[in-house]
Amino acid sequence: MIYLKDIVKTYNKGKSNAYEALHGISMEIKDGEMAAVIGTSGAGKSTLLHILACIDGYDSGEYAIDGMELGKISEKQMAQVRNEKIGMVMQDFALVEGFTALDNVMIPLDFAGRQHRRKRKERKERALEMLELVGMAEYADKQTNNLSGGQKQRVAIARAIANNPSIILADEPTGALDSATTKEIMKVFRDLNEQGRTIIIVTHDPTVAEECSRVIRIEDGRIVKQETPC
Amino acid sequence: MAWKYAVRECRMHVVMSVLCLVQAVFLFAVVIGLLSIFMARYSGYQPVRSLAEQNGFITNMVNSHHLEGDAEGLPVQSSEAYEEMLKDAKVYGQYTVYAYAGEDQEVSRKREEGTFFDNMQAYDDEWIQGFEPHMQSGRWLKPGNTEGKQLEAVVVQSSDRYKTGDTVYLDNNSTTVLKTKIPVKIIGIIDSNSDIIYQSNEDGRMDYRLLFSNMAKEAKELESLGRDSTYEIFFVSKKNLDSVQEQYADQEAEENLSENFENVLKTRKTVFFTELNGVTLIVMDRDCPQEMFEYNKNRVAQISQFHFLHDLNYVKKNTWHNIMANISDIIPAGIGMLLFTIISFITLSTLMYQKNMRKYTVYYLCGLTWRGIFRTHILYISLIALAALALGTAVTYAAGYFGAWRNAAVQIGAVQVGGCLIIMLLLLLSASLMCLSLAKGKSAKEILQEVE
């Protein structure tokens with residue numbers, strides 16, 4: 001379960017151009033939920049997602065995953081959380097150009113802590129398995145810069161789930177895709193959610209939000225509305 | 001895992017990696033060159049450094065005489081006798097031994113011809129320990145050698161007359177022929193081009209080279225004077241000489257010399273007359289007062305006639321001055337090249353880090369710490385630097401093997417490799433600091449936003 005209480009985030013703290021992006025966000029997301037975070041540009045939704053992804057810090061409040069308070073752990077433990085508990089999908093795919101699809105999916109498997117790291121052969125097998133799951137097995141040896149947008153996003157999703165994380169965070173995952181490809185990608189997310197994973201998607205797209213079991217609307221750094229569309 | 005990703009970096013950025021490699025090879029070549037130039041000059045000083053860096057003075061004695069007592073006016077025959085005339089000083093000397101070493105028949109023939117002259121020099125132990133000349137064969141003298149009934153000698157010669165293992169005999173160079181045969185075992189042949197502590201020709205020099213004479217140069221000078229340049233000089237340990245001649249002194253006294261050198265033989269147990277002569281060190285305690293230093297220096301001036309008398313401190317100062325003067329002209333250019341190459345190497349490395357920032361942020365998202373990312377990048381740079389070091393030394397060595405450095409001082413040794421390793425560490429440290437400064441205080445999100 002994801003637990004947030006009174007999360008405050010201020011950019012440029014102590015400077016003349018300081019501004020508070022999040023004003024005490026509190027929420028709970030239960031295991032297996034598929035939530036969309038929506039809001040206007042600059043509302044603070046990406047900031048929230050980056051805090052959830054442990055790639056940005058917060059100034060006050062509490063953030064816990066499965067009861068583990070993330071404000072109190074070391075950088076190494078934080079990296080372990082990113083590696084094992086969270087899978088991140090970005091709008092621009094965040095793939096390493098020059099790497100093949102397989103190499104990209106192997107990154108989180110390679111960076112797993114020693115206790116959890118699989119053997120080389122097993123890592124490769126697992127990466128291929130993930131590519132197969134998102135329908136990209138035949139492109140495993142292709143350089144990612146030769147793939148289409150939809151294919152890239154599938155590879156990014158395969159990478160996000162490689163270490164079997166319980167949470168998938170997606171920042172505008174369909175923002176760079178056409179509507180047909182958007183549908184395909186959303187199907188992949190739905191399938192992953194049906195497998196029991198918690199999915200949180202930041203989006204502008206109402207059609208994407210409609211596919212989620214819960215919609216969280218943020219305005220000016222505050223949660224203004226939470227609803228269940230279905 | 002860092003290795004896998006560091007090697008992958010090399011493969012992914014072939015052009016940049018090669019550029020870095022070429023720069024590093026050039027850098028190491030400059031370092032090897034500069035250090036070689038220094039070492040070529042320093043290597044002459046290194047063997048005698050412990051001798052030249054003591055407190056005292058160096059002199060090239062012509063002769064020395066007792067100033068008082070029963071022996072007043074007589075030549076000083078040993079360093080111990082010399083020390084008795086000074087205050088708390090040690091004298092490390094070399095000696096002319098009035099003896100001729102040669103093959104059995106030769107001694108009498110020379111005596112008949114009137115071409116008989118002494119050809120033996122003896123050293124105190126400190127000289128023997130302090131400097132070992134380059135040997136053509138065999139070994140150098142042993143200090144503190146007081147065993148056996150035969151004298152051990154090393155030979156410097158202008159022909160191939162003697163070989164290691166040969167035995168020759170000693171005779172007195174007076175008119176009286178020795179009755180006993182004193183064997184001299186040749187234990188080594190000194191390289192004819194070797195520097196050797198001998199009768200130094202000053203040549204206006206005031207540095208460590210005062211201690212040496214180059215034997216090939218000595219021979220040339222003899223030639224230029226129109227003299228036969230063939231020579232053999234036997235070098236022995238003074239202790240060994242004293243020990244051996246003591247064993248023969250009584251026998252020789254009974255058989256022959258008692259009439260001629262009665263007093264000498266009975267009191268000193270010597271057969272041959274020795275005289276302190278040539279390069280001599282007079283050494284005092286580091287803390288000795290200036291008055292004592294001056295007293296001893298004045299005393300030496302009274303006891304001995306000499307070609308020169310210099311403070312060792314002055315010699316040491318000049319030594320460093322002369323070594324540095326030879327390379328001071330090229331130091332600015334060398335440092336300039338070093339700085340230029342280091343800066344461009346670091347710039348390239350930083351550019352690559354910046355170029356890789358997006359990739360590294362992906363690594364961060366996937367569970368690597370910034371420390372891990374930094375380690376991967378530095379490992380990548382280290383791989384290039386190590387490859388450059390190996391390539392640079394291999395190329396320099398190969399060029400030397402094929403004779404490219406015949407007229408240059410370039411060489412590969414521990415100092416050169418050590419210098420390159422230090423420069424490599426400096427490179428890595430600078431590259432690390434630059435890379436750290438790029439990521440310092442920024443979150444992964446900010447870096448992602450910057451590189452987007």
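Owing to the predicted nature of the structure, the values given are computational and were not obtained by experimental measurement. Lettering of chains follows the sequences in order, A, B, ..., and the numbering in each one begins at 1. When reading the values below, keep in mind they use all heavy atoms of this one structure, side chains included, and skip hydrogens, waters and symmetry mates.
Summarising the local packing, NE2 of A/H204 is surrounded by more than 12 heavy atoms from other residues, nucleotides or ligands at distances under 6.0 Å. Within a 6.0 Å radius of CZ in B/R371, no more than 12 heavy atoms belonging to other residues, nucleotides or ligands are found. Within a 6.0 Å sphere centred on OH of A/Y139, other residues, nucleotides and ligands contribute 12 heavy atoms or fewer. Within a 6.0 Å sphere centred on CD of A/E122, heavy atoms belonging to other residues, nucleotides or ligands number more than 12. For B/K4, the NZ atom is densely surrounded, since the number of other residues' heavy atoms within 6.0 Å is greater than 12. Heavy-atom neighbours of B/F374 CZ from other residues, nucleotides or ligands within 6.0 Å: above the threshold of 12.
Contact annotation for B/R8: only side-chain heavy atoms (C-beta onward) come within less than 4.5 Å of a heavy atom of chain A. With a threshold of 4.5 angstrom between heavy atoms, A/E84 does not approach chain B through any atom at all.
Considering CZ of A/R82 and OH of B/Y364, their distance stands at 4.0 Å, rounded to 0.5 Å. With rounding to the nearest 0.5 Å, the separation of CG in B/L365 from CZ in A/R159 is 7.0 Å.
The heavy-atom pair separating A/K76 from B/T369 by the smallest distance is CA-CG2, 3.9 Å. When all heavy atoms are compared, the tightest approach of B/M12 to A/F99 is SD-CE1, 3.1 Å.
The most heavy-atom pairs under 4.5 Å with chain B, out of A/L109, A/I107, A/I86, come from A/I107.
Between A/F111 and B/Y363, the two ring planes are perpendicular [angle over 60°; tilted spans 30° to 60°].
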